[in-house]
Amino acid sequence: MSLKTPGEYVESLRALKIRAYVAGERVDSIVDHPMIAPHINTVAKTYELAHRPEHRDVMTAISHLTGERIHRYTHIFQSPDDLVKKIEMLRLLGQTTGTCFQRCVGLDGLNALYAISYEIDQAEGSDYHDRFKRYLSRVQAEDLMLAGAMTDPKGERTKRPSQQDDPDLYVHVVDRLSDGVVIRGAKLHNTGGINSHEVLVMPGTSLRAEEGEYAIACAVPANAEGVVFIFGRQSNDMRKLENGCDIGNPRFGIVGGETMIVFDDVFVPNERIFMNGETSHAGTLVNYFAAWHRTNYGGCKGGNADVLIGATAKMTKMLGTDRNAIVRDKLVEMVHMNETTYASAIGASAMGYRLPCGSFMVNQMMANTTKQNITRNVYQISRLSHDLAGGFLSTMPDARALDNPEIAGYVEKYHTASPQYDAKERIRFGRYIENMTNVASQVEALHGAGSPQAQRIEMARLAAFDDKIEMADRVIGGTDDVEGLPLPHKPES
Ligand code: SF4
């Protein structure tokens with residue numbers, strides 16, 4: 001069985017010896033760095049749950065390549081049921097960790113490359129798909145964690161990749177050799193980037209025929225020569241280094257440990273290249289990836305919101321407002337918004353359809369609608385959480401005040417509401433809400449898997465307005481015959 005244990009995941013990262021920078025300094029072992037530990041712990045949970053018999057159906061799948069049981073995070077979607085199970089897995093993991101668990105970008109990248117390598121071969125007579133299947137077999141056998149790297153720095157937004165003054169602002173091929181290529185550039189916002197085994201590099205935009213050097217999709221080991229990881233900052237991240245009740249989520253991260261990855265003339269051998277110059281397929285690759293990933297948000301943010309709603313409900317108990325009808329109605333409104341986005345994700349998955357390669361794509365209109373609703377509902381749910389938890393969220397005392405005997409009594413006395421809960425517990429829950437509703441968490445929900453306007457562009461493309469006008473013409477024009485009762489008037493011609 002190809003399922004890593006959490007311990008094996010950690011030790012395999014330790015063995016990698018990547019070039020990583022945290023807080024501006026070179027880090028020898030990311031596994032031993034306290035700022036990275038919460039993110040590694042979160043991914044470790046994805047490995048742990050796959051070993052639990054009660055979660056086996058959701059967390060694992062049967063490989064269509066080998067017939068072996070594998071982690072669902074390395075699986076190619078074989079049916080709408082697989083797509084639905086993925087969303088169930090994300091909700092479970094969101095409920096268990098209360099944060100982003102990072103492995104979904106790699107999973108959707110695997111699926112996008114599986115589909116596009118087949119389509120390129122059909123159109124161009126290449127052999128990328130078999131090559132990709134050999135790579136996938138190893139990913140499944142070793143249960144690897146993959147970072148999906150898609151977002152280029154983009155430079156001046158009005159200019160295309162080939163028009164930038166600095167060509168490195170989009171990852172591109174700088175040298176073509178008989179046994180591979182050399183790539184240069186950077187990818188930004190890489191969820192789980194610093195604690196992945198490999199990086200899947202993909203174009204982040206559609207490309208024109210003359211932009212062949214930007215049409216590169218490949219798999220790069222995290223410890224390849226020339227790969228540099230620069231860890232980002234999150235709101236309140238230094239609190240992870242503290243003890244006490246100010247930490248928020250004590251074991252897991254706040255968002256996904258987003259990392260900038262630089263490719264400073266990295267050699268990629270042929271067997272790891274899955275697109276190399278086929279510009280006309282870049283847009284489809286991006287669309288496939290985006291549709292799967294946008295659907296995810298109904299699952300993962302659903303699980304995160306379950307924890308947030310729970311923390312908010314507990315705060316109302318601490319305040320003694322939990323029986324108030326208006327308070328309960330606001331909690332119900334949070335649930336309503338959360339279940340709406342979850343239902344959209346399940347719907348997009350259940351309505352999945354078969355791609356030419358045999359794997360399954362979600363309903364793309366519903367996928368984009370799911371993510372569009374997430375960009376609003378996560379903010380609205382946070383707003384209601386702030387509303388119910390009160391101004392205390394922005395004025396909570398420093399936990400260290402409770403360690404100073406000169407003032408601890410005052411803090412305890414004046415920050416205790418319901419006598420069943422002490423001030424420390426109130427602060428602990430308040431800090432979790434603070435972290436899950438702060439800039440890092442909300443912006444991630446807004447821009448992750450594409451900014452709101454990107455979904456609206458897709459929705460406009462898929463909306464088929466002419467078909468809707470035709471429907472309206474038929475109904476309002478009264479031209480559709482029916483064997484029913486005669487009416488006194490005839491439709492106007
Ligand atoms: Fe997965 Fe959600 Fe994190 Fe994206 S934001 S990697 S879908 S948990």
Side-chain angles (χ1 to χ4, degrees), residues 34-42 44-45 93-101 233-257 300-301 303-324 327-328 330-331 334-335 338 378 381-442 444:
M35 299 284 284
I36 312 297
H39 305 290
I40 293 178
N41 284 345
T42 317
K45 206 60 175 168
L93 285 165
Q95 290 170 338
T96 311
T97 62
T99 188
C100 163
F101 27 88
R233 292 212 70 176
Q234 304 181 334
S235 316
N236 300 336
D237 52 4
M238 297 305 280
R239 295 212 191 133
K240 295 290 184 195
L241 308 182
E242 298 177 9
N243 292 314
C245 57
D246 269 351
I247 300 175
N249 188 336
R251 297 234 359 117
F252 306 116
I254 293 173
V255 281
C300 72
K301 303 299 175 207
N304 289 172
D306 287 328
V307 181
L308 180 64
I309 293 167
T312 309
K314 180 103 181 241
M315 288 293 268
T316 68
K317 282 183 181 292
M318 292 185 200
L319 291 169
T321 56
D322 55 310
R323 288 171 185 274
N324 179 289
V327 167
R328 291 205 70 76
K330 288 181 178 175
L331 286 169
M334 294 167 84
V335 169
N338 196 31
V378 165
I381 289 170
S382 298
R383 179 181 170 278
L384 285 167
S385 179
H386 292 175
D387 183 359
L388 295 178
F392 176 73
L393 286 181
S394 64
T395 63
M396 279 176 274
D398 189 314
R400 287 165 290 197
L402 287 162
D403 297 331
N404 182 344
E406 291 173 38
I407 54 172
Y410 297 138
V411 174
E412 188 62 59
K413 175 177 164 120
Y414 293 115
H415 281 298
T416 299
S418 168
Q420 285 167 277
Y421 306 96
D422 63 17
K424 196 176 266 185
E425 190 160 16
R426 192 174 168 205
I427 295 169
R428 185 178 295 124
F429 276 75
R431 292 293 180 206
Y432 177 79
I433 294 173
E434 181 189 24
N435 284 338
M436 284 309 289
T437 59
N438 70 19
V439 172
S441 305
Q442 306 230 22
E444 197 282 322

Inset, instruction - Please test D398 against R400 for salt bridge (Lys or Arg N to Asp or Glu O under 4.0 Å), starting from the C-alpha separation and ending with a verdict. - result: CA-CA 5 Å; D398 189 314; R400 287 165 290 197; 2.7 Å; yes

Exercise: identify the closest heavy-atom pair between [X] and [Y]:
X    : Y    : value
G248 : P250 : O-CD, 3.3 Å
G253 : H39  : CA-CE1, 3.9 Å
F101 : G94  : CE2-N, 3.3 Å
P405 : D403 : CD-O, 3.3 Å
T97  : N249 : O-ND2, 2.9 Å
L402 : I427 : CD1-CD1, 4.0 Å

Any sub-3.5 Å donor-acceptor pair from [X]'s side-chain atoms to [Y]'s backbone N or O?
X    : Y    : answer
N304 : T99  : yes
K240 : F252 : yes
N435 : I247 : yes
D246 : R431 : no
Y432 : V307 : no
Q95  : G303 : no
N438 : S441 : yes
N324 : V327 : yes

With heavy-atom distances below 4.5 Å as the criterion, would you say the side chains of [X] and [Y] are in contact?
X    : Y    : answer
N338 : I381 : yes
M238 : M35  : yes
C100 : E444 : no

Inset, instruction - Please report the C-alpha distance between E434 and M396 in whole Å, then the side-chain angles of each, then the deciding distance to 0.1 Å, and finally whether the side-chain contact (heavy atoms from CB on, under 4.5 Å) criterion is met. - result: CA-CA 10 Å; E434 181 189 24; M396 279 176 274; 4.1 Å; yes

Report the distance from atom [atom1] of [X] to atom [atom2] of [Y], rounding to the nearest 0.5 Å.
X    : Y    : atom1 : atom2 : result
L319 : R426 : CG    : CZ    : 5.0 Å
L388 : L393 : CG    : CG    : 10.0 Å
K424 : E412 : NZ    : CD    : 8.0 Å
M318 : F429 : CE    : CZ    : 5.0 Å
H386 : I433 : NE2   : CD1   : 8.0 Å
K301 : M436 : NZ    : CE    : 6.5 Å

Inset, instruction - Apply side-chain contact (heavy atoms from CB on, under 4.5 Å) to the pair R428 and K314, showing each step before the final yes or no. - result: CA-CA 11 Å; R428 185 178 295 124; K314 180 103 181 241; over 6 Å; no

Legend entry - side-chain contact (heavy atoms from CB on, under 4.5 Å) partner of M334, the single match among L384, D306, D387: L384

Inset, instruction - Taking atom types as modelled, find out whether S385 and T312 have a side-chain donor-acceptor pair closer than 3.5 angstrom. - result: yes

Inset, instruction - Mind running salt bridge (Lys or Arg N to Asp or Glu O under 4.0 Å) on K317 and E425 for me, showing each step along the way? - result: CA-CA 12 Å; K317 282 183 181 292; E425 190 160 16; over 6 Å; no

Inset, instruction - Run the numbers on S382 and Q442 for side-chain contact (heavy atoms from CB on, under 4.5 Å), then give the verdict. - result: CA-CA 9 Å; S382 298; Q442 306 230 22; 3.3 Å; yes

